[in-house]
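First up is the structure itself, then whatever we jot down about it.
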Number of protein chains: 2
Amino acid sequence: MPQSLKTAEIEKSTHQDYFNIAISVDCVIFGYENKDLKVLLIRSDLEEFEGLWSLLGDLIRPDEDIEDAPYRVLKERTGMTNVYLEQVYTFGSLDRHPSGRVITTAYFSLVDILHHQTASNNNELHWHPVSDIKDLAFDHKKILDTCIERLREKIMEQPIVFNLLPDKFSLRQLQDLYEAILGVELDRRNFRKRIMLKNWLVDMNEMEEDVPHRPGKLYKVKNIYKNKTLTATAKEILFAD
Amino acid sequence: MPQSLKTAEIEKSTHQDYFNIAISVDCVIFGYENKDLKVLLIRSDLEEFEGLWSLLGDLIRPDEDIEDAPYRVLKERTGMTNVYLEQVYTFGSLDRHPSGRVITTAYFSLVDILHHQTASNNNELHWHPVSDIKDLAFDHKKILDTCIERLREKIMEQPIVFNLLPDKFSLRQLQDLYEAILGVELDRRNFRKRIMLKNWLVDMNEMEEDVPHRPGKLYKVKNIYKNKTLTATAKEILFAD
DNA sequence: GCAAAAGTGTTAATCTTACACCCATGC
DNA sequence: GCATGGGTGTAAGATTAACACTTTTGC
């Protein structure tokens, strides 16, 4: 950390340069619907990017922990709370924002589209299948690609995809979701074996209903993997060491 | 990205709050010496952290790409250029810096201690074995731990550890290095098989000299894996798409 | 009874781990 | 000649990949 902050503080009185960088967060909000991995976008309100969509983001407030900022953005823009969020990368090239110097930290979020649907019927917001997205405002396509890459790595090891599904789901739904994220087909028997070995799931002893074929068993994720609620500030209070 | 930047710009005239956050980079500079993974630290110059060591960092300049900042810090503080650097995580809790609100992006760097030794004989700088480090100024211990964790994951897949070694090295040296980073012992035969399968190395057809035992063969990493020179700006110029 | 998806096991191939002996050099 | 680390192969175990048939439901 800045050994030279003192120096900077002296300079601050003469020129405000060091404080002429704004910092924002951008949220890649993933959802899953109709066998597509989707991302929630908003119409860009900048002339430079007319007609393009952009990620949801906002400047970080001076009195706000960086980890709290993406929670606030999600809540303010979509009403969603209790979401899974993960920091991915910080983007700060000089020309990434046309209105000034803005460095942004990208987070991805996983939400259950159906459960949150009522909250997000703002007509400036729209769910786009990620495979349809060619270009976005700012450097948001690059941010999106970086987050998809991270998501793909992460779901192989960690029980996070359940945040994209309703509480109860069948193994078929889960496999379709993995296939949508990874962009590959998986063998059904091997997929089931691998998932069961991970020991992430609880058998609900219920079956699918109203399906035009043999119904599948329903599962939920174990409660210990459902720790998605806390903001950074809440975590610090609860788990202070 | 900030849909609300316009809003922020309006507020800027009334209160400078959004620009009262400074952003810095901190570099976890790893080296390898005497079978120890080491990190280059500087004595903290803040009263609050008297006696503690801290990472090398500096505020990002308003006219500087974020990816260039850690290169600049390394060059200014140690004279080192041509180093491997990787962004890891951005830390921004409210109280992490006693002098004000500073959000910092952590990078780790891998350097060959012997090759860079002449440049870093500044007596405020010191190489510390990471296993000896109990506490650091600011949240730098947490930053260090995060970077070590990332380094451990990364060396299993990517040919980056060679940046910590001289150009020519034996398989024994390489294995000792992996063991130092991972903190485990490895089986020699299995290690050699795995490394050779990766196909990262070129046999120099030379042998160690002046060793009090049977000399080992010397290897170097393939040239295609030695792309550590470019700054972000240079990359943009060369690889603009 | 037919369409559609659920459910299930075995085999081959690959990767990983454990392990021991002879060799080349300096002293 | 002895101490030190270099160099090498094989067998057992674990993991992964490929693959097909029967079952249950709605219509």
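Residue numbers start from 1 in every chain, and the chains themselves are labelled A, B, ... in the order their sequence lines are given, proteins ahead of strands. In this text, all values refer to a predicted model and were calculated from it rather than measured experimentally.
Two residues are said to be in side-chain contact when any heavy atoms from C-beta on lie closer than 4.5 Å; V28(B) and V88(B) fail this criterion. Considering only heavy atoms from C-beta on, V111(B) stays 4.5 Å or farther from T78(B) through its side chain.
In this pair, H126(A) and H128(A) present their aromatic rings perpendicular. The plane angle is above 60°, beyond the 30 to 60° band.
Scored by the salt bridge (Lys or Arg N to Asp or Glu O under 4.0 Å) test, D176(A) finds K35(A), R172(A) as partners (sequence neighbours excluded). Scanning for ring pair (Phe, Tyr, Trp, His ring centres under 6.0 Å) contacts around H213(B) gives an empty result, with sequence neighbours left out. A search for salt bridge (Lys or Arg N to Asp or Glu O under 4.0 Å) contacts involving E86(B) returns R150(B), K154(B), not counting sequence neighbours.
Salt-bridge annotation for K193(A) and D187(A): absent, with no side-chain N of the basic residue lying under 4.0 Å from a carboxylate O of the acidic one.
Ring-centre distance between Y89(B) and F91(B): below the 6.0 Å cut-off. Checked against the 6.0 Å centroid threshold, Y225(B) and F162(B) do not count as a close aromatic pair.
Between L186(B) atom CG and dC19(C) atom P the separation is 15 Å, expressed in whole Å. Nucleotide dA5(C) holds its P atom 17 Å from the CG atom of L174(A), rounded to whole Å.
Contact annotation for R172(B): backbone-only contact, meaning every heavy-atom pair under 4.0 Å involves sugar-phosphate atoms and none involves a base. Within the 4.0 angstrom heavy-atom criterion, base atoms lie near R188(B).
The stretch residues 206-215 of chain B touches DNA chain D through H213(B), R214(B), P215(B), each having a heavy atom under 4.0 angstrom from the strand.
No more than 12 heavy atoms of other residues, nucleotides or ligands lie within 6.0 Å of CD in E149(B), so this atom counts as exposed by the packing criterion.
Chain B approaches DNA chain D within less than 4.0 angstrom (heavy atoms of the protein), and the contacting nucleotides run 5' to 3' from dT4(D) to dT10(D).
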Expected rows: protein N/O vs nucleotides 15-18 of chain C N/O, under 3.5 Å:
{"from": "dA18(C)", "atom 1": "N7", "to": "N190(B)", "atom 2": "ND2", "distance (Å)": "3.0"}
{"from": "dA18(C)", "atom 1": "N6", "to": "N190(B)", "atom 2": "OD1", "distance (Å)": "3.3"}
{"from": "dA18(C)", "atom 1": "N6", "to": "K193(B)", "atom 2": "NZ", "distance (Å)": "3.4"}

